[in-house]
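This report concerns only the one structure given below.
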Amino acid sequence: MKLEIVVISFLAVLQTVLSSELAGVKTSENFAHSTLLDTDGNYILFWNFNDTHVTFEVHVRTKGWVGFGLSGNGNMFPGDVVVGWIKDGSIHFSDRHTSGHKMPVMDKKQDWKLLYGEENEFGTVLKFVRKINTCDDVEDEVIQEGTNRIIFAYNDNDPTDDNSIMYHGTTRGTKSVALLSPNPVNGNLPADSRHFDFLNQNYMVPSEPTTYWCRGFKMPPIGKHHMIKYEAVVTPGNELNVHHILIYRCKIDNPDYWNGKTSICYNHNRTLPHCSSIVIAWAIGGKPFYFPNHVGFSVGGPEDEVFYIMETHYDNPTRRSDIIDDSGIRITITPTLRQHEAGMLELGHKVNYFQIIPPGLSNFVSKSYCTANCLSRGFTESNLTEFKIIGALQHSHLLGVAITTRHFRNGVELKPFITDPHYDFDFQELRMLPKEVPVYPGDSFQVDCTYDSTSRTTPTTGGLSTREEMCLTFTYYYPKFKLQNCLSQPIYDNFPFDNSELYHEINTVDWQNKTVVDFFRSHIDKSQVKEYCRGVHLKPQKSRIIPPPQTAHPYVVPQPDCS
């Protein structure tokens, strides 16, 4: 089916900029961010933030008590919460913490400050402010730059006093939110912008737990444009089945022939060509991504490949056979070119069974490297001396609980350019960085993924299915250069077997034996690694085997100002 380019219409409601109009709710001030915390529209959160504080306003469809808070694991306890209600014209509000299935305990130090409260036609409104870091490690959670697990609850009755808060029942929930994300929502798109859809054309998803489905697209001859926004278009009802979508592009012979062709992505029956240049990465929970006003991603130009492949990962754990999907990616493009052109760089662990996660561990860290040698090749062959990272998406699967992408320069570790200590598999998005991060020849990166494998009795290996694992970071940067994939994997040269026997060894060894697990943990980070340094326009070079990079001066997190 031939793709069409459609003129974009102005949106009737902007998701966050016009947040005060969300669900007809009037807020006390203009909030830049908002989200529905429940699926029924009964609990709405608005917020603004600066370098030190976050101001929250909740609108809850109840005339009883309202609870709101933060939890490291998304459970109701342990949690850092506030509880408030309005009775006989008086506002009751307190900073508390949860320690079990019982009434929250009043904090010794009241760090959440009430600004405003009222009851209106919608229900109860509470406005309050809190420091990002209260320096209370016992009773308070730190508000993270990455994912924050919001917990919420409410009840239709007012407590008789501060010590008689009734149980919330089923009116409770949790939601992952990037409270400190600077992702802009630019409603003022250029008048000449249009959109272009990559869609799966009503694909009947197999009743398999994991399917990777690929479809080829040829971009019509539109002339050079800049992509300035992209977003997922997910078929209603399939939100939990469409796990992630990647868009690749490559130069191939006869793209007209391959336009519209489909196949399973990763097996011997694949019929589509292989493309390795990633243009777009989206994962479950991701919102629209807007490029900064001075940056665009080139499409349709004389130097741009015209053939694209969309890879969709379907997650179907219940093996449904009735899923028909027309999901995909919508890109917004403009012929008005911006100052800089963006590229995408993939960092992390090569996706294969050389990534091994032992069972029964709550905090196993898998490390992968993008070496200074590899980055320097990209700089040299691109005739560049600097690029700047503007956004990143960190990605793992079900066992992932934290991801940090570390940055090094001349043996000194800098502040990680993105970190997520509360990684949520169901909330992944390409996030704009608070500040552009400059990268120079000689710099290097390391991606650390932390896994909780206590639910498994056998090892988990790297792979494509949801029950296998990945450890990747996709970054947007400018100006564009020739390096596209900067990955690594261990070669197990310090283990008592040849790595050609790796698959057999990991499936026959006794992983219930603590000695085996301890040996693996103590040796994996000392194994030499094979680096993968790739780019469509980069000169081919044999992969190197190198010792794992060592950090002479690790990054030290600055202590918060607790004055």
Side-chain angles (χ1 to χ4, degrees), residues 246 248 250 274-279 281 341-352 354-355 366-395 403-414 416-418 437-449 462 470-493 499 524-555:
L246 299 178
Y248 302 83
C250 58
H274 285 275
C275 293
S276 59
S277 177
I278 298 175
V279 176
E341 289 199 348
M344 176 169 276
L345 178 63
E346 180 188 19
L347 311 172
H349 201 293
K350 181 78 169 173
V351 180
N352 57 29
F354 277 76
Q355 182 184 10
S366 178
K367 301 177 182 179
S368 51
Y369 309 95
C370 173
T371 66
N373 174 74
C374 186
L375 280 176
S376 293
R377 281 184 59 200
F379 278 113
T380 300
E381 295 190 28
S382 307
N383 196 28
L384 290 174
T385 57
E386 178 190 35
F387 68 79
K388 294 181 178 181
I389 299 175
I390 58 174
L393 181 153
Q394 298 184 125
H395 177 67
I403 308 178
T404 297
T405 306
R406 302 165 65 185
H407 186 189
F408 304 86
R409 179 171 299 150
N410 300 322
V412 177
E413 184 175 6
L414 309 178
F417 69 81
I418 185 167
V437 175
V439 182
Y440 304 106
D443 285 12
S444 61
F445 299 112
Q446 179 176 319
V447 183
D448 289 358
C449 291
M470 293 185 180
C471 180
L472 298 169
T473 299
F474 300 94
T475 67
Y476 274 131
Y477 66 90
Y478 74 89
K480 182 171 61 176
F481 77 152
K482 294 182 178 181
L483 180 65
Q484 295 169 320
N485 315 103
C486 194
L487 310 169
S488 76
Q489 70 175 44
I491 64 168
Y492 298 96
D493 60 305
N499 64 23
I524 182 63
D525 292 337
K526 299 174 185 177
S527 166
Q528 293 194 93
V529 296
K530 184 177 183 179
E531 68 173 6
Y532 292 85
C533 193
R534 302 283 189 267
V536 173
H537 303 289
L538 203 66
K539 294 177 183 177
Q541 191 176 90
K542 186 178 179 180
S543 296
R544 298 189 313 153
I545 305 294
I546 60 172
Q550 301 298 316
T551 306
H553 302 284
Y555 176 71

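Counting only heavy atoms from C-beta outward, the side chains of S527 and I491 approach each other to under 4.5 Å. Between F408 and T551, some side-chain heavy-atom pair lies under the 4.5 Å cut-off. Using a 4.5 Å heavy-atom cutoff, the side chains of P416 and T405 are not in contact. A heavy-atom distance below 4.5 Å is not found between the side chains of R406 and Y555. Side-chain contact between E386 and K388: present, with at least one pair of heavy atoms (C-beta onward) separated by less than 4.5 Å. Side-chain contact between P549 and Q446 is absent, with no heavy atoms from C-beta onward closer than 4.5 Å. In this structure, the side chains of P548 and K367 stay at 4.5 Å or more apart for every pair of heavy atoms. The shortest distance between side-chain heavy atoms of L472 and V351 falls below 4.5 Å.
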Is there a side-chain contact (heavy atoms from CB on, under 4.5 Å) between L487 and E346? Walk through the geometry before answering. CA-CA 7 Å; L487 310 169; E346 180 188 19; 4.0 Å; yes
Stepwise ring pair (Phe, Tyr, Trp, His ring centres under 6.0 Å) test for Y440 and F379: CA-CA 8 Å; Y440 304 106; F379 278 113; 7.9 Å; no
Can you check side-chain contact (heavy atoms from CB on, under 4.5 Å) on I389 and F445, steps first, answer last? CA-CA 12 Å; I389 299 175; F445 299 112; 4.0 Å; yes
Report the C-alpha distance between Q489 and H349 in whole Å, list the side-chain angles of each, state the deciding distance to 0.1 Å, and finish with yes or no for side-chain contact (heavy atoms from CB on, under 4.5 Å). CA-CA 6 Å; Q489 70 175 44; H349 201 293; 3.9 Å; yes
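For G348 against S368, the heavy-atom pair with the smallest separation is C-OG, 3.1 Å. Of all heavy-atom pairs spanning A372 and G442, the tightest one is CB-O, 3.5 Å.
Side-chain atoms of S488 and R544 include no donor-acceptor pair closer than 3.5 Å. A donor-acceptor pair shorter than 3.5 Å can be found between the side chains of E531 and T371.
Within a 6.0 Å radius of CG in D525, other residues, nucleotides and ligands contribute more than 12 heavy atoms.
To the nearest 0.5 Å, atoms NZ (K480) and CG (L384) are separated by 11.5 Å. In this structure, CG on D448 lies 7.5 Å from OH on Y369, to the nearest 0.5 angstrom. With rounding to the nearest 0.5 angstrom, the SG atom of C486 is 6.0 Å from the CG atom of L347. One finds the CG atom of L483 at 6.0 Å from the CG atom of L538 (value rounded to the nearest 0.5 Å). To the nearest 0.5 Å, the span separating CZ on F481 from CG on L375 amounts to 5.5 Å. Atom CZ of R534 is separated from atom CD of Q484 by 12.0 Å, given to the nearest 0.5 angstrom.
The backbone N or O of Y532 sits nowhere less than 3.5 Å from a side-chain atom of S543 that would complete a donor-acceptor pair. No side-chain donor-acceptor contact under 3.5 Å links N499 to the backbone of Y492.
Pairing of C275 with C250 by a disulfide is supported, the SG atoms lying closer than 2.5 Å.
Using a 30° and 60° split on the angle between ring planes, H407 and F417 fall in the perpendicular class, above 60°.
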